[in-house]
Number of protein chains: 2
Amino acid sequence: MFQPGTSKQGKNYQDQHLLFDFEHTSAYVDLREIILTRKEHELLALLVENAGEIVPREVLLERIWGYGKDIRTRTLDVHIRRLRKKLFPFGDTYIETIFGVGYRFQRYREPRSYVNYVPELVAV
Amino acid sequence: MFQPGTSKQGKNYQDQHLLFDFEHTSAYVDLREIILTRKEHELLALLVENAGEIVPREVLLERIWGYGKDIRTRTLDVHIRRLRKKLFPFGDTYIETIFGVGYRFQRYREPRSYVNYVPELVAV
DNA sequence: CACACCTTTTACAAAAGATTTACAAACTTC
DNA sequence: GAAGTTTGTAAATCTTTTGTAAAAGGTGTG
């Protein structure tokens with residue numbers, strides 16, 4: 001058993017809304033427990049491990065499914081969807097889609113604006 | 001996979017306003033993250049690689065699109081425009097047009113004061 | 001300053017990729 | 001081995017990216 005604070009180093013991920021356990025298939029979104037299936041857990045684990053970094057489709061498909069680059073499938077996308085659903089209402093906040101590349105888990109942070117804001121230019 | 005700040009040896013370009021990652025499709029203009037599409041990223045990468053040097057249209061069209069000298073297209077110009085927009089407000093500072101030849105990426109340097117009057121820019 | 005030529009900008013259409021839903025096959029568990 | 005759960009796939013739909021055309025704006029030169 002363990003006490004709060006004495007968790008083994010690096011076994012859990014935690015932020016304001018999500019508690020993720022790398023060893024077990026349960027997690028918490030705020031105070032709600034969510035049960036992840038094995039694949040979902042593996043997938044989220046890999047993304048959380050690389051929080052803030054883009055993980056390319058190829059890598060996910062290779063590491064979790066053992067698929068090579070030649071295999072074309074939507075399986076990953078469907079699993080991402082299932083994960084996002086369980087992470088409600090933060091699904092899209094936590095799991096970002098990088099179009100044409102892969103996905104990225106983002107540590108929770110207060111919503112920011114201006115991220116990709118490209119204003120029109122006007123001279124005065 | 002990449003986080004701002006954790007640059008891996010020599011994989012990034014950085015100056016006062018721009019952080020560009022050669023491996024991934026994100027970049028930072030000051031503290032704003034910009035997401036580049038694949039083509040935009042390839043294009044900027046090629047220009048940044050040759051910072052300070054003119055890269056002829058032909059070379060860009062050849063290396064990024066595989067187009068031969070015979071092909072007449074405005075595609076490159078449109079992509080340059082999209083890039084400049086995302087690099088706001090430094091689009092024209094970073095990407096210079098070399099009339100009749102191509103484009104050149106210029107490392108950021110302080111504007112010279114008062115020499116040339118440039119009207120205020122305002123976002124609407 | 002007129003002309004040819006080049007670039008920028010806008011708008012739109014086509015192509016590529018992601019999301020969503022539904023369903024069937026493959027596993028688990030009892 | 002029946003019932004419930006998990007996983008993979010197909011297909012329709014939606015979104016984003018990319019390419020092209022055309023109009024407008026610049027540049028350079030005789």
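Values in this document were obtained by computation on a predicted structure and should not be read as measured data.
- Contacts of A:Thr97 with the nucleic acid, taken as non-hydrogen atoms under 4.0 Å apart, involve only primed sugar atoms and P, OP1 or OP2.
- In this structure, B:Arg74 atom CZ and C:dT8 atom P are separated by 8 Å, rounded to whole Å.
- A:Arg63 contributes no side-chain N or O that, together with a main-chain N or O of A:Glu42, makes up a donor-acceptor pair within less than 3.5 Å.
- Taking the centre of each ring, A:Phe105 and A:Phe20 stay at or above the 6.0 Å mark.
- We find that CG of B:Leu83 is positioned 12 Å from P of C:dT8, with the value rounded to whole Å.
- The CZ atom of A:Arg57 sits 8 Å away from the C1' atom of C:dG17 (whole-angstrom rounding).
- Between B:Glu40 and B:Ile35, the shortest heavy-atom contact is OE1-O, 4.2 Å.
- Between B:Leu43 and B:His79, the shortest heavy-atom distance links the atoms CD2-CB, 3.7 Å.
- Here the straight-line distance linking atom OG1 of A:Thr25 with atom CG of A:Leu36 works out to 6.5 Å at 0.5 Å rounding.
- Counting heavy atoms from C-beta outward, A:Lys39 and A:Trp65 have side chains that approach closer than 4.5 Å.
- The heavy-atom pair separating B:Asp77 from B:Arg57 by the smallest distance is OD1-NH2, 2.8 Å.
- Other members of the hydrophobic cluster containing B:Val101, listed by chain and number, are B:Ile54, B:Ile98; membership follows side-chain contacts under 4.5 Å among ILVMFWY residues, whether direct or relayed.
- Atom P of nucleotide C:dA18 and atom CD of A:Glu96 are separated by 14 Å, given to the nearest angstrom.
- Listed pair A:Arg84 / C:dT19 meets the phosphate criterion, a side-chain N or O lying under 4.0 Å from OP1 or OP2.
- Among all heavy-atom pairs drawn from A:Thr97 and A:Tyr103, the shortest one is OG1-CE2, 3.5 Å.
- Atom pair A:Glu58:CD and C:dG17:P shows a separation of 12 Å (rounding to whole Å applied).
- If you measure from atom OH of A:Tyr103 to atom P of C:dG17, you get 13 Å, rounded to the nearest angstrom.
- Taking every nucleotide of DNA chain D with any atom under 4.0 Å from a non-hydrogen atom of chain B, the first and last of them, 5' to 3', are D:dT17 to D:dT27.
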Can you pull every protein N or O that's under 3.5 Å from an N or O on nucleotides 21-26 of chain C?
from	atom 1	to	atom 2	distance (Å)
C:dT21	OP2	A:Arg81	NH2	2.2

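- Rounded to an integer number of Å, the gap from A:Ile98 CD1 to C:dA18 C1' is 13 Å.
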